[in-house]
Amino acid sequence: MEAELFPRARTEVAPGAVHVPDWLDTVQQRELLEACRAWARPPAGLRTVRTPGGGTMTARQVCLGRHWYPYGYARTVVDGDGAPVKPFPGWLDELGRQAVTDALGTPTHSYSYDIALINFYDADARMGMHRDSDEKADAPVVSLSLGDTCVFRFGNTGTRAKPYTDVELRSGDLFVFGGPSRLAYHGVPRVYAGTAPPELGLSGRLNITLRVSGL
Ligand SMILES: O=C(O)CCC(=O)C(=O)O
């Protein structure tokens with residue numbers, strides 16, 4: 001991505017939904033990428049998610065803390081190799097709380113992040129409009145992006161359709177959605193292949209969402 005004249009600004013896309021560009025520096029991005037590579041290895045590694053209707057998600061996924069399957073959470077990879085899900089590390093909880101503090105400025109002492117869903121997008125992968133509604137807690141969702149730039153579509157709580165806002169998420173960007181936007185529909189209609197920062201050494205896009213299960 002070419003250098004810009006002005007840094008991209010923090011933006012409140014909807015009430016409680018904030019985009020913070022360049023939140024992770026290069027060293028933090030590299031560390032998170034290395035962790036994602038370790039988590040993606042079997043057992044309980046990166047898998048293709050099959051939906052009840054017989055389709056497959058184009059973004060491949062690995063989970064920490066609890067295993068997400070359409071549409072619930074389990075302690076083992078019930079729709080894959082059956083292995084216990086990898087543990088959710090304490091440092092990711094700290095990162096998640098710091099993200100909420102920086103993006104929303106709201107207190108985080110009443111909850112702990114305990115689930116991560118890590119999605120890997122190659123050039124053709126997409127994610128349809130959906131809500132993160134399988135959690136039993138209303139703590140904000142924290143989303144971190146690594147690698148290729150994408151279009152992140154952030155909509156409303158009532159319908160998959162308009163009104164929505166398209167936000168460009170680049171490597172190192174943070175997006176947090178909580179409060180009145182916690183159950184907003186969102187998706188990824190496009191990934192721009194080959195736009196990852198060359199120094200990161202990632203071909204494709206990784207998105208890490210941190211959630212509080214309430215389970
Ligand atoms: O890849 C993204 O930015 C969004 C991921 C997402 O919506 C999800 O994991 O539920």
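Read the numbers this way: they start at 1 and go in the same order the structure lists the ligands and their atoms. By convention here, the first residue in the shown sequence is residue 1.
Taking every non-hydrogen atom of Arg211 and a distance limit under 4.0 Å, the qualifying atoms of ligand 1 come out as 8 (C), 9 (O), 10 (O). Of all the atoms in ligand 1, the ones that sit under 4.0 Å from a non-hydrogen atom of His130 are 6 (C), 7 (O), 8 (C), 10 (O). Taking every heavy atom of His186 and a limit of under 4.0 angstrom, the matching atoms of ligand 1 come to 6 (C), 7 (O), 10 (O). Counting the atoms of ligand 1 from 1 in the order shown, those under 4.0 Å from a heavy atom of Val188 are 1 (O), 2 (C), 3 (O), 4 (C). Of all atoms in ligand 1, listed by their number and element, those nearer than 4.0 Å to a heavy atom of Asn119 are 5 (C), 8 (C), 9 (O).
Looking only at atom types and distance, the side chain of Arg211 has a donor-acceptor partner in the side chain of Thr209 under 3.5 Å away. Ser112 and Arg97 form a side-chain donor-acceptor contact under 3.5 Å, judged by distance and modelled atom types alone.
Distance from atom 6 (C) of ligand 1 to its nearest protein heavy atom, with residue and atom name: Met127 SD, 3.5 Å. Residue, atom and distance of the protein heavy atom nearest to atom 1 (O) of ligand 1 are Tyr121 OH, 2.5 Å.
Using a 4.5 Å cut-off on side-chain heavy atoms (C-beta onward), Arg47 and Val49 make contact.
Aromatic ring pairs are classed by plane angle as parallel below 30°, tilted from 30° to 60° and perpendicular above 60°; the pair Phe152 and His186 is tilted. Ring pair Tyr113/Tyr111 is perpendicular by interplanar angle, where above 60° counts as perpendicular and below 30° as parallel.
Below 3.5 Å of separation, one finds an N or O of Arg205 facing an N or O of ligand 1.
Scanning Asp132, Val191, Asn207, Val151 for the heavy atom closest to atom 4 (C) of ligand 1 points to Asn207.
With respect to the salt-bridge test (charged N to carboxylate O, under 4.0 angstrom), the residues Arg8 and Asp22 qualify. A salt bridge does not link Arg153 to Glu168: none of the charged side-chain nitrogens sits closer than 4.0 Å to a carboxylate oxygen.
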